[in-house]
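Before any comments, here is the structure.
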Protein chains: 2
Amino acid sequence: MEITKREEEYLETMYMLQKNKGVIRVKDISKKLGVRPPSVVDALKKLSEKGLINYEKYDRILLTEKGLEIAKETYQKHVLLMKFFTEILGIPPEIAEEDACQFEHYVHEITAERMKEFAHYIQEHCPYVLKQFLKEHVEKEGAKAQKTPPK
Amino acid sequence: MEITKREEEYLETMYMLQKNKGVIRVKDISKKLGVRPPSVVDALKKLSEKGLINYEKYDRILLTEKGLEIAKETYQKHVLLMKFFTEILGIPPEIAEEDACQFEHYVHEITAERMKEFAHYIQEHCPYVLKQFLKEHVEKEGAKAQKTPPK
DNA sequence: CACCTGAATTAGTTTGACCTAAATAATTTA
DNA sequence: TAAATTATTTAGGTCAAACTAATTCAGGTG
């Protein structure tokens with residue numbers, strides 16, 4: 001049984017809900033993924049058939065061992081990509097979030113790993129150059145974040 | 001009318017065929033995208049309805065102004081991502097190719113642009129650190145490429 | 001010029017992922 | 001606890017993107 005990118009997304013979302021709210025509800029998945037509740041139920045049934053979650057209707061939803069594993073892997077890639085986009089490239093969080101949310105499902109293991117290594121390497125070996133790059137390219141967001149306007 | 005990621009992919013492929021072979025054939029699109037010819041024909045009809053290509057059955061296929069524009073944009077992102085993955089991260093071309101092929105359809109303009117700027121910045125401001133990073137992380141491919149084994 | 005082959009197309013299905021509207025279950029509250 | 005509200009589920013679509021099998025067309029060759 002193949003697992004689709006979208007199913008990965010569902011698993012990751014459920015994992016995060018579990019972590020943050022302690023419980024996984026259809027409504028919350030629906031909200032997070034921007035789809036209607038019936039679509040979530042469809043997905044839950046398929047994930048259940050594939051043995052990635054335990055799901056009985058009107059009952060609580062739980063990730064299985066296998067589902068959890070996939071969710072965690074995906075989530076880790078997400079975090080790693082977010083760090084790269086925000087800390088190295090200086091992309092605003094909302095945009096980085098969207099980019100990461102897509103790329104996490106496609107990026108090869110080696111590429112993800114290399115991005116992490118690169119980030120560390122640069123942060124260690126030329127932090128000043130990185131700082132300078134960010135300063136030169138992140139004026140707008142810096143300005144927006146400014147709570148007290150210069151008088 | 002919305003344009004899908006997959007349609008973008010078709011346009012990009014046709015653009016490349018046009019550039020390389022001078023003519024766009026169903027069979028070649030089929031081969032490049034790894035789908036059967038009828039699927040290509042389906043796609044061509046839709047793209048034609050959306051005004052992105054000129055297509056009459058059994059006739060030659062041409063990108064319209066609008067189709068060409070989208071194809072070029074996508075292609076440019078592809079090239080840029082390839083450069084980043086191979087020249088900055090040292091990812092092997094075949095893998096970089098696959099990553100780029102997906103990400104090019106999702107990445108935000110700002111992120112793509114920033115990657116380009118970052119690449120230039122690093123190459124200019126700390127080329128030695130970059131060289132060192134690549135040397136330390138690209139041993140395997142280097143070894144594989146070695147035609148004459150050290151005796 | 002008729003035939004053959006390979007390319008392109010049509011017809012008819014399938015699958016994933018979504019939707020709306022309507023029904024049912026669970027939970028809250030008066 | 002009965003009624004009202006909210007959450008979840010079912011039923012019945014739609015749409016994009018693919019597929020196979022069968023058909024039609026175009027170009028080259030005997």
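FYI, side chains are in, hydrogens and waters are out, and symmetry mates aren't considered; it's all heavy atoms of this structure. First the proteins, then the strands, lettered A, B, ... as listed; each starts at 1.
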Between [N] ([atom2]) and [X] ([atom1]): distance, integer Å:
| X | N | atom1 | atom2 | answer |
| --- | --- | --- | --- | --- |
| A:Asp59 | C:dT27 | CG | P | 11 Å |
| A:Glu8 | C:dA17 | CD | P | 11 Å |
| B:Tyr55 | C:dA7 | OH | P | 16 Å |
| A:Glu49 | C:dT15 | CD | C1' | 13 Å |
| B:Glu56 | C:dT9 | CD | P | 11 Å |

With a 3.5 Å cut-off and sequence neighbours excluded, list the donor-acceptor pairs that the side chains of residues 48-59 of chain A form with protein atoms.
from	atom 1	to	atom 2	distance (Å)
A:Lys50	NZ	A:Glu2	O	2.6
A:Lys50	NZ	A:Glu7	OE1	2.9
A:Lys50	NZ	A:Glu7	OE2	3.1

Can you say whether the rings of B:Phe103 and A:Phe103 are parallel (under 30°), tilted (30 to 60°) or perpendicular (over 60°)?
parallel
Would you tabulate the side-chain donor-acceptor contacts of residues 16-38 of chain A under 3.5 Å, counting partners in other chains and residues two or more places apart, or write 'none'?
from	atom 1	to	atom 2	distance (Å)
A:Asn20	ND2	A:Met16	O	3.2
A:Ser30	OG	A:Val35	O	2.6

Residue-level proximity of residues 12-31 of chain B to DNA chain C when a heavy atom falls under 4.0 Å:
B:Arg25, B:Val26, B:Lys27
Let me confirm one number: the CD-CG distance from A:Glu97 to A:Leu81, rounded to the nearest 0.5 Å.
10.5 Å
Would you check if the side chain of A:Arg114 reaches a backbone N or O of B:Phe85 as a donor-acceptor pair within less than 3.5 Å?
no
Considering non-hydrogen atoms only, spot the tightest contact between A:Pro92 and B:Ile110 and give its length.
CD-CD1, 3.9 Å
Scan residues 102-112 of chain A for pairs that pass side-chain hydrogen bond (donor to acceptor under 3.5 Å, both in side chains), counting only residues two or more places apart or in two chains.
A:Glu8-A:His105, A:Glu9-A:His105, A:His78-A:Glu104, A:Tyr106-B:Tyr106, A:His108-B:Glu98, A:His108-B:Asp99, A:Thr111-B:Asp99
Which residues share a side chain to side chain contact (heavy atoms under 4.5 Å, CB included) with B:Ala71, sequence neighbours left out:
B:Leu11, B:Tyr15, B:Leu63
Summary of protein contacts for nucleotides 14-26 of chain D, nucleotide by nucleotide, where a base hit scores B, a sugar-phosphate-only hit scores S (4.0 Å, heavy atoms)
--SSBBBB--BS-
